[in-house]
Amino acid sequence: MTETAGTLTDRRRAATRLTIAVAALRLFAEQGLTATTVEEVAASAGVGLRTFYRYFPSKQDAIVPLLTRGAEAWRAELADIPTGAPLREAVAGAIATRFTPAGSGDSADLELTRGLMRTVAGDRDLQRVWHDVNGDSERRLVPVFADLTGDHEGLAPRLLASAATDAIRLALEIWSAPDAPDEPGPAEIARECFARLTEWYDDAGAVRD
């Protein structure tokens with residue numbers, strides 16, 4: 001099937017947004033938000049200022065596509081959990097898959113994320129972007145957990161979505177603290193956070209009293 005012009009245009013726009021996001025993330029991680037100008041981000045991404053502002057209202061917002069891509073990959077990992085699998089165990093496995101480096105490229109991406117998180121911690125506007133992305137991801141996870149649990153009316157899917165989102169958020173923030181050691185890594189921290197946040201939920205699918 002031939003792609004339509006609209007589909008190609010959308011893909012090009014998405015690719016441009018992602019290119020700008022990666023350039024912004026690298027500059028923020030390397031030299032900090034305050035020291036980085038929009039002009040530098042645009043030049044690093046190979047686009048003009050007009051193009052930059054066509055996609056983003058500020059340099060802080062330029063990281064949204066990259067954070068959103070990570071959130072989408074996380075949701076896809078959870079959506080692939082087989083129906084009927086012990087849920088807490090399966091989510092722990094998904095965390096290990098997503099946040100344990102499989103090669104040098106994955107390790108580099110995690111280190112870049114670590115640098116970004118350290119930048120986020122020092123800037124209120126980046127904190128706003130980070131928490132907005134997490135809030136949106138949590139909302140999108142609710143129907144995923146509703147399908148996994150078979151509970152489309154109760155509170156459990158919302159609580160599980162919150163726990164899964166906060167486990168990753170806390171793990172990245174804890175692991176990225178300036179004085180934090182390299183080990184345990186984000187996967188181990190996130191698994192512990194999720195386990196503690198979901199002690200109320202039985203792996204067999206029942207809510208504990």
Side-chain angles (χ1 to χ4, degrees), residues 3-77 98-99 101-141 164-180 182 185-186 189-190:
E3 287 185 294
T4 65
T7 301
L8 286 171
T9 299
D10 289 343
R11 289 182 62 184
R12 288 176 184 140
R13 286 174 177 167
T16 300
R17 284 173 58 84
L18 188 58
T19 297
I20 296 172
V22 170
L25 188 153
R26 291 189 182 278
L27 287 170
F28 294 167
E30 290 169 4
Q31 61 190 40
L33 176 73
T34 302
T36 301
T37 65
V38 171
E39 289 82 359
E40 287 177 311
V41 174
S44 180
V47 301
L49 276 178
R50 182 175 296 179
T51 298
F52 177 93
Y53 283 116
R54 186 181 305 142
Y55 290 105
F56 304 105
S58 71
K59 61 183 179 181
Q60 290 90 342
D61 290 299
I63 64 170
V64 169
L66 201 55
L67 294 175
T68 300
R69 186 178 69 165
E72 288 172 349
W74 174 228
R75 285 195 302 276
E77 196 75 45
R98 279 290 304 143
F99 296 96
S104 59
D106 291 336
S107 296
D109 285 346
L110 273 179
E111 283 302 321
L112 196 59
T113 300
R114 196 179 203 184
L116 176 61
M117 290 297 97
R118 288 174 175 171
T119 303
V120 166
D123 184 86
R124 292 179 65 87
D125 287 331
L126 285 180
Q127 290 171 24
R128 170 186 59 79
V129 173
W130 172 237
H131 285 286
D132 283 351
V133 168
N134 276 279
D136 181 66
S137 181
E138 179 181 326
R139 287 188 291 274
R140 291 172 183 267
L141 276 179
T165 302
D166 281 343
I168 301 304
R169 178 184 62 79
L170 287 169
L172 290 176
E173 291 175 354
I174 291 169
W175 180 66
S176 299
D179 57 349
D182 289 338
I189 299 171

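For the single chain, residues carry numbers from 1 onward in sequence order. As the structure is a prediction and not an experimental result, all values here were calculated from the model. Note that these values count all heavy atoms, side chains included, but never hydrogens, waters or copies made by symmetry.
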Return the [atom1] to [atom2] distance between [X] and [Y], rounded to the nearest 0.5 Å.
{"X": "Leu27", "Y": "Thr37", "atom1": "CG", "atom2": "OG1", "result": "8.5 Å"}
{"X": "Asp123", "Y": "Leu33", "atom1": "CG", "atom2": "CG", "result": "4.5 Å"}
{"X": "Glu138", "Y": "His131", "atom1": "CD", "atom2": "NE2", "result": "12.0 Å"}
{"X": "Asp136", "Y": "Thr68", "atom1": "CG", "atom2": "OG1", "result": "7.0 Å"}
{"X": "Ile20", "Y": "Leu25", "atom1": "CD1", "atom2": "CG", "result": "13.5 Å"}
{"X": "Ile63", "Y": "Phe28", "atom1": "CD1", "atom2": "CZ", "result": "6.5 Å"}

Work out which heavy atom in [X] is nearest to a heavy atom in [Y]; give both atom names and the distance.
{"X": "Val47", "Y": "Thr16", "value": "CG1-CG2, 4.4 Å"}
{"X": "Ala171", "Y": "Pro186", "value": "CB-O, 3.5 Å"}
{"X": "Glu40", "Y": "Ala35", "value": "OE1-O, 3.3 Å"}
{"X": "Phe52", "Y": "Ser58", "value": "CZ-O, 3.7 Å"}
{"X": "Ala24", "Y": "Val41", "value": "CB-CG1, 3.8 Å"}
{"X": "Ser44", "Y": "Ala23", "value": "OG-CB, 3.6 Å"}

Candidate pair Val38 and Phe56, rule side chain to side chain contact (heavy atoms under 4.5 Å, CB included), full reasoning: CA-CA 10 Å; Val38 171; Phe56 304 105; over 6 Å; no
Val64 vs Val129, side chain to side chain contact (heavy atoms under 4.5 Å, CB included): CA-CA, chis, key distance, verdict: CA-CA 7 Å; Val64 169; Val129 173; 3.5 Å; yes
4.5 Å side-chain heavy-atom contact, Val22 and Leu66: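 Side chain of Val22 against side chain of Leu66, heavy atoms only: contact under 4.5 Å found.
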Donor-acceptor under 3.5 Å (Ser137 side chain, Val133 main chain): no
Of all pairs that satisfy salt bridge (charged side-chain N to carboxylate O under 4.0 Å, His left out), the ones with a partner from residues 56-65, not counting sequence neighbours: Asp61-Arg128
CA sep, side-chain torsions, deciding dist, call: Phe99, Ile168, side chain to side chain contact (heavy atoms under 4.5 Å, CB included): CA-CA 9 Å; Phe99 296 96; Ile168 301 304; 3.3 Å; yes
Carboxylate-amine/guanidinium proximity below 4.0 Å for Arg26 and Glu30: no
Results of side chain to side chain contact (heavy atoms under 4.5 Å, CB included) for Ser176 - residues two or more places apart only: Arg114, Met117, Arg118
